[in-house]
Every structure is written in structure tokens, then in C-alpha cells.
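Notes for the one structure printed next.
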Amino acid sequence: MYLKIKQLSKNYGSRPVVSNVDMTMEEGEILSLLGPSGCGKTTILRMIAGLITPTSGSIEVGDRVFYDGSRELPVEERDLGMVFQDYALWPHMTVFNNIAFGLQLRRKPRAYIKKRVEELLELVNLPGMGKRYPYQLSGGQQQRVSVARALATAPRLLLLDEPLSSLDTSLRETMGAELVQLFKQLKITAINVTHDQNEAMTMSDRIVVLRDGQIQQVGTPTDLYLQPTNKFVASFMGPVNTLQGQLVQQAESSLHIQLDNHYFDNLTLLGSPHQASHDLRIDQQVHLICRPANILLHPEVPHGEHPNIFAGTVTYSSFVGGRWRTLVEVGNGEKQHIQAFAASQYQLQAKVWVELPPEHCLVVP
Ligand SMILES: Nc1ncnc2c1ncn2[C@@H]1O[C@H](COP(=O)(O)OP(=O)(O)OP(=O)(O)O)[C@@H](O)[C@H]1O
């Protein structure tokens with residue numbers, strides 16, 4: 001393992017903001033720390049950078065101990081590159097000098113610096129822009145300069161703090177993809193902090209989902225989307241329908257869940273519903289999760305065997321991305337909305353049958 005973080009914690013007074021974080025990374029991997037505002041992402045990044053001293057735990061990168069309680073490697077000896085949300089370029093310096101700064105500090109020969117900066121400008125698609133000043137560049141171009149500056153000294157680890165969040169939505173995705181391509185080409189190991197699920201999905205080999213300073217789940221973007229281990233991760237990774245209920249019976253090929261009495265009759269999941277890795281207990285409260293794209297809508301009761309069907313009324317329908325986003329009100333007494341996509345438009349107040357295909361349902365605590 002290239003990076004090893006063990007039991008990393010940070011308290012402010014008696015308040016824990018990062019609790020017992022264990023994390024590893026392979027060399028050349030791009031990992032995102034993802035979570036809502038205040039979950040401790042930046043604190044973890046700054047502890048790795050050496051800008052915040054941990055309360056306990058250890059951090060190792062390559063063959064160096066960054067922190068272990070008795071030793072704390074100074075920031076300047078950690079060999080890190082950093083990229084910030086607001087670019088943090090020096091406004092009075094040209095692009096060339098911004099990128100050359102770290103190399104000049106290390107007293108590299110002038111000819112080497114010139115060649116290296118030109119090479120970096122090529123890499124970040126800004127050839128010939130060395131003489132400009134930051135104010136003469138667009139936001140995306142400024143961020144590319146700050147990436148080139150961070151890479152100039154060939155750091156052992158690149159830390160990115162919300163690098164795309166100052167950019168236009170349309171630019172964010174292309175820039176994310178561009179950065180990943182560059183990092184892979186140069187075999188850079190990078191940690192990216194973000195609260196944006198799309199950005200994490202676009203940029204990462206693996207994602208660490210955090211909540212209240214604790215890791216919720218670590219996995220590839222597909223793992224987290226398709227196999228979240230709890231309701232928080234499921235909803236953080238994209239829109240979901242969540243139904244609450246109780247696990248009544250569990251067999252090899254079926255789970256019997258009684259959805260909240262107020263809302264539905266019993267629902268038996270036949271087939272092999274995905275189940276979170278937790279061992280679920282009979283009588284336990286569970287959440288049944290199904291992504292809108294996996295829910296089927298029928299104008300009439302379909303023929304043949306279709307488990308998990310209930311009736312509802314269409315309350316909203318709008319055309320998005322080539323299909324109709326449809327909201328269906330369901331429930332016996334108290335009502336709940338199910339979000340689904342339909343190939344054609346349903347009239348408001350139309351009766352529909354909502355089907356939850358068991359193979360696309362997930363049961364989590
Ligand atoms: N110096 C400090 N003293 C006290 N509390 C702090 C300090 N720095 C951060 N915190 C608190 O620690 C928690 C985690 O902060 P952190 O900046 O790591 O969150 P974050 O996940 O990066 O959030 P954001 O996306 O908003 O930047 C927050 O509740 C914050 O208020």
C-alpha cells in the first residue's frame with residue numbers, strides 16, 4: 001500500500017470532527033473524499049498535508065511516516081502538490097512564474113525550469129500562455145495553471161480541495177475528465193475532496209463516503225451506486241425511492257418485508273433481492289431502496305407473475321432526458337411519492353401500477 005491511514009481522529013475541544021478513519025491507497029490511484037458540508041473531508045485532507053495536527057492515529061505515504069503521535073513531518077518535507085477551489089494563483093506573477101515558483105525555491109537550473117514549465121503548459125493544454133497573467137485567463141484555464149504548478153515538482157501525492165466547484169456546471173465534467181486523463185498519464189496518486197457526487201463519480205477510482213467524521217463506505221463509483229450499504233450512501237450517490245418496513249421472513253431466494261402498515265399491504269420480494277452485506281434480523285426495521293430508473297410503470301395490471309406491484313395515482317409528469325419523469329402517489333392511508341421514468345406521458349390523476357423488480361431492489365438497515 002502506498003498510503004496508509006490508521007485510526008485517524010481529530011477533536012476540537014470535546015467535539016470529534018474526524019473519528020477513527022482507516023484508509024489505504026495504491027500508487028497511481030485517484031480517490032475522492034465525498035460527503036455533505038461539515039463531515040470532515042477538508043480536515044482529513046489538511047491532516048495529510050500537515051496543516052492540522054491529528055488528535056490521534058497515523059499517516060504514512062510511501063516509505064515516510066507523516067504522523068504517528070511521536071513524529072510529525074513538517075509540511076515542506078512531505079513533497080505534496082495542492083490544488084485549491086479558488087486556484088490560489090499569485091496575481092502579480094505570470095503564468096510561467098506561477099508554475100516555476102516551486103522549482104525556483106528548490107534552486108533548479110534555469111534551463112531545466114524553462115523546459116519543465118513548457119512541458120507542463122503543453123500537458124495542461126495551455127501551450128504558449130506562459131507570458132499571460134492570471135486575470136487574462138478564464139476560470140478553467142486558471143485551474144489548469146494551478147494543476148501545472150502543483151505537478152511541477154513531481155509530488156509524491158497530489159491533494160485537491162474541491163478543484164472544480166468554482167467552474168461552470170458545463171465545464172466541470174469536461175475538466176474533471178481532462179484531469180483524470182492527465183493524472184493517469186503521469187501516474188499521479190491523488191486525493192480529491194468534494195461534496196458533489198457527480199464530480200466524485202467522474203474523477204475517482206474509489207470513493208470514501210463520509211458522514212459526521214466517520215467513513216460510511218469505501219468503494220468504486222459503481223459499487224457505491226449499485227451496492228450501497230446503508231440508506232445514507234444510497235441517497236447520497238443519486239436519487240432513490242426509499243420505503244420503510246420490517247423484515248418478516250428471510251429465505252434463500254426471498255425476503256418478506258412488511259412495508260409500514262400505514263402505507264401498504266405486505267410486500268414479498270421474490271427472486272434474489274440484493275441485500276446489503278449486513279446480516280439482517282427478523283423483525284428488524286429495514287429500508288427498501290429502488291432507483292427511479294429501475295421502477296416499472298404499467299397502465300394496467302400486467303399479465304403473468306409480477307411480484308411487488310401496487311396501485312398509485314400519477315401526480316406529476318415532466319419530459320427530461322428523452323423520457324418522462326413521473327411521480328406516483330401510493331399508499332393506503334398516509335401517502336408517499338414514488339419517482340419513476342416512463343417512455344410515454346401519463347395524464348395527471350391517471351391510475352398506474354408500480355412494479356419494483358426484486359433484482360433491482362436493495363434492502364438495507
Ligand atoms: N478550527 C476549528 N475549530 C472548531 N471546529 C472546526 C475547526 N475547523 C473545522 N471545524 C469543524 O469541523 C467540522 C468539519 O469541518 P471540515 O471543514 O473538515 O468539513 P468539510 O466536510 O470539509 O465541509 P465543507 O464541505 O463545508 O468544507 C465542521 O463542523 C467544522 O465546523
Side-chain angles (χ1 to χ4, degrees), residues 1-3 5 23-35 41-42 44-45 48-49 61-62 79-89 95 99 116-117 119-127 129 137-210 215 217-227 233 236-238:
M1 282 299 159
Y2 185 64
L3 173 138
I5 290 182
M23 210 171 96
T24 57
M25 278 175 82
E26 301 280 3
E27 197 162 8
E29 199 178 6
I30 307 174
L31 184 128
S32 286
L33 301 176
L34 172 70
K41 324 177 276 292
T42 308
I44 296 175
L45 199 77
I48 298 170
V61 178
D79 274 349
L80 302 171
M82 292 202 69
V83 176
F84 302 95
Q85 175 181 348
D86 58 2
Y87 326 130
L89 297 175
V95 166
I99 300 175
R116 177 78 178 140
V117 173
E119 178 185 288
L120 285 158
L121 283 170
E122 288 280 343
L123 277 171
V124 297
N125 283 326
L126 293 174
M129 298 249 192
L137 302 177
S138 72
Q141 289 171 327
Q142 289 186 53
Q143 194 53 299
R144 290 202 202 120
V145 174
S146 86
V147 169
R149 181 179 61 179
L151 294 177
T153 54
R156 59 177 60 217
L157 183 64
L158 184 65
L159 304 178
L160 305 128
D161 194 354
E162 309 248 5
L164 308 180
S165 53
S166 297
L167 305 176
D168 291 348
T169 324
S170 57
L171 191 59
R172 243 179 252 167
E173 204 158 315
T174 34
M175 182 85 179
E178 208 178 283
L179 290 182
V180 170
Q181 207 182 354
L182 176 67
F183 298 163
K184 289 295 170 193
Q185 183 189 342
L186 302 176
K187 298 190 171 57
I188 302 285
T189 314
I191 303 181
N192 175 45
V193 157
T194 179
H195 60 266
D196 180 333
Q197 160 256 346
N198 277 328
E199 183 183 317
M201 293 276 225
T202 321
M203 289 193 61
S204 326
D205 294 312
R206 284 185 308 141
I207 300 172
V208 176
V209 181
L210 291 154
I215 292 185
Q217 192 173 352
V218 183
T220 62
T222 351
D223 283 346
L224 296 181
Y225 190 81
L226 297 175
Q227 297 281 300
V233 176
F236 209 80
M237 298 311 293

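Checking side-chain atoms of Glu122 against main-chain N and O of Pro127 turns up no donor-acceptor pair under 3.5 Å. Side-chain atoms of Asp205 never come within 3.5 Å of backbone atoms of Leu31 as a donor-acceptor pair (strictly under, hydrogens ignored). Between the side chain of Lys184 and the main chain of Gly28, a donor-acceptor pair closer than 3.5 Å is present. With hydrogens and angles disregarded, no donor-acceptor distance shorter than 3.5 Å links the side chain of Ser32 to the backbone of Ile207. Lys41 places no side-chain N or O within 3.5 Å of a backbone atom of His195 that could act as its donor or acceptor partner. Asp196 contributes a side-chain N or O that, together with a main-chain N or O of Asn198, makes up a donor-acceptor pair within less than 3.5 Å. Using a distance-only test at 3.5 Å, with no hydrogens or angles considered, no donor-acceptor pair links the side chain of Gln217 to the main chain of Val209.
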Item to complete: Decide side-chain contact (heavy atoms from CB on, under 4.5 Å) for Val218 and Met23; before the verdict, give the C-alpha distance in whole Å, the side-chain angles of both, and the deciding distance to 0.1 Å.
Response: CA-CA 9 Å; Val218 183; Met23 210 171 96; 6.0 Å; no
Worksheet item: Run the side-chain contact (heavy atoms from CB on, under 4.5 Å) check on Val83 and Leu179 step by step: do they pass?
Response: CA-CA 12 Å; Val83 176; Leu179 290 182; over 6 Å; no
Discussion item. Working note: Val180 + Thr202, criterion side-chain contact (heavy atoms from CB on, under 4.5 Å); need CA distance, chi angles, decisive distance, verdict.
Written reply: CA-CA 8 Å; Val180 170; Thr202 321; 5.8 Å; no
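Considering only residues two or more places apart in sequence or on other chains, Glu173 meets the side chain to side chain donor-acceptor pair (under 3.5 Å) condition with none of them.
Residues Glu199 and Arg172 are not paired through a salt bridge, judged by the lack of any N-O separation under 4.0 Å between the basic side chain and the carboxylate.
Rounded to the nearest 0.5 angstrom, Arg156 CZ and Leu3 CG are separated by 11.0 Å.
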